[in-house]
Protein chains: 2
Amino acid sequence: MQTIRVSIYEDNTKLRDLLELLIGKTEGFAVAGSHPDCRSVVGEIETDRPDVVIMDIDMPERSGIEGVRLIKEKHAEIRVLMHTVFDDDDKLFQCLSNGADGYLLKKDSSAQLVQAIKEVFEGGAPMSPGIAHRVLNAFRETIPAPKNEYRISEREQQVLELLSRGFSYRMIALEILISPETVKKHLKNIYQKLHVQCGPEAVAKAIRAKII
Amino acid sequence: MQTIRVSIYEDNTKLRDLLELLIGKTEGFAVAGSHPDCRSVVGEIETDRPDVVIMDIDMPERSGIEGVRLIKEKHAEIRVLMHTVFDDDDKLFQCLSNGADGYLLKKDSSAQLVQAIKEVFEGGAPMSPGIAHRVLNAFRETIPAPKNEYRISEREQQVLELLSRGFSYRMIALEILISPETVKKHLKNIYQKLHVQCGPEAVAKAIRAKII
DNA sequence: AGATCAATTCCCTATTTGGGTAATTATACT
DNA sequence: AGTATAATTACCCAAATAGGGAATTGATCT
């Protein structure tokens, strides 16, 4: 097995030394670099050429949240593992949407950290248990109902879709080759089915119900 | 530490026996029940009273995907750990949106399975590395822009929100105690900022940009 | 064969909407 | 102190919208 090159970003000197020691002494791992903040992260990464970056969040000058974004913008192939005391949703989601590949809490053991580095290097997404749970929950909310409980017909859905794109009745009529009056009738029926009384409300409801 | 009661759903007799043995012999775990399919899952769960369910997906009559939904509908507190050979996105997302708390591949070792049961029981969300990675990727796509790049003001956002709920200019005016003409002016500005020309389109764009 | 439903077209009428233009006030930022 | 920006109100006017009712055609289901 090849050696995994690891760069460390951690402002606490003691912890940084500890991490260096841990990674340096563990078979199969090597310290590629070790830095107290993200000020020069782009340059350092190009010098260090790490496989995996361990990234603290709360650092002076430039946070790890920015750090992970900067790294991923240039080097999407480098795996970034967040390592922090924060377990609030805000920071978590920011890191993930900036491209972090894993999220470990500092309270986890060093054995778990080593295991996580290995895992993230192999393409996994190691997360502390509570973190994984929160990601799942948030994720679940985003993929709920792909069904049409309002019995909107295909034609009606088509009209609604065009309406939401700024088409007037006339333009919709021209687009799908029917009379404007028919468009109007379709909208009337749609409003009835959705229990709304105007276009904007219908569009809002349709989008939230994933009809369009 | 209390004993973790585990129910097993697995149609392959050999594997089921193996799982029973593994869990029965491991300190801190007990087999609460063991079943070859989900036909009577609701009743079985009430008899077994497990803390954790290990759920295969591909079973005759009724799949584990339905199984997890049925369990979670009645007993949200029971932790369900999927255990399957499938690693396609479709089945994965179906299971997760049905409430699965973890997702392990059968190729993982039995030590990892035991560890995962413990983890899911303690509120974590154990996933095989590749699975976790896919969940993160899918998740990332859903939370891209939490910012307001259209520079919609607070007041404008408020007007837009009411519009999307079916309020006419007049009603909005009454609601927030301004003149209908001001409402109109706000909408005009909103349309400019969003590059749209009518209410329905503005609402659609605002919802998709997460402004409202 | 009759019923149901989606899709289609038409009429009438009142209200709403949107674009243009202009002006005042308050607040925030430089 | 001076300059943006947000919020506010107003007027004119053409076009769009929404609600009421009525009728025809074709497909699908019973």
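As a basis for the values below, the full set of heavy atoms in this structure was taken, side chains included, without hydrogen atoms, waters or symmetry mates. Every chain is numbered from 1 and lettered A, B, ... according to where its sequence line falls, protein lines coming before strand lines.
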Subject >> Length of the CG-P vector between B:N189 and D:dT5, whole Å >> reply: 12 Å

Original post:
Under 4.0 Å between a Lys/Arg side-chain N and an Asp/Glu carboxylate O for B:R134 and B:D89?
Top reply: yes

**OP:** Could you note down all residue pairs passing side chain to side chain donor-acceptor pair (under 3.5 Å) where residues 199-209 of chain B supplies at least one of them, sequence neighbours left out?
**Re:** B:Q197-B:E201

**OP:** Starting from P on D:dA16, measure out to CD on B:E201 and report it in whole angstrom.
**Re:** 15 Å

Original post:
If the sugar-phosphate is the primed atoms plus P, OP1 and OP2 and the base is the rest, what is the B/S/- string for nucleotides 17-30 of chain D, using protein heavy atoms under 4.0 Å?
Top reply: SBBBBB--------

Original post:
What integer distance in Å separates B:E154:CD from D:dT5:P?
Top reply: 18 Å

Subject >> B:H35 and B:D48 side chains, donor-acceptor separation under 3.5 Å >> reply: yes

Original post:
Between B:D58 and B:K91, does at least one N-O distance fall below 4.0 Å, as a salt bridge requires?
Top reply: no

Original post:
C:dT8 phosphate, OP1 or OP2: any side-chain N/O from A:R155 under 4.0 angstrom?
Top reply: yes

Original post:
Quick one: CD on B:Q157 to CD1 on B:I152, what's the gap to the nearest 0.5 Å?
Top reply: 9.0 Å

Original post:
A:Y150 ring centre to A:K193 NZ or CZ under 6.0 Å, with the angle to the axis within 45°?
Top reply: no

Subject >> Nearest-0.5 Å distance, CD1 of residue B:I54 to CE of residue B:M82 >> reply: 11.5 Å

Original post:
Is B:S153 near enough to D:dA7 that one of its side-chain N or O atoms lies under 4.0 angstrom from OP1 or OP2?
Top reply: yes

Subject >> Whole angstrom value for the distance that separates C1' of C:dA7 from CD1 of A:I152 >> reply: 14 Å

**OP:** Give a yes or no on whether a salt bridge exists between B:D56 and B:K106, defined as a side-chain N under 4.0 angstrom from a carboxylate O.
**Re:** yes

Subject >> Nucleic acid contacts of residues 171-179 of chain B, taken as heavy-atom distances under 4.0 Å to DNA chain D >> reply: B:I178, B:S179

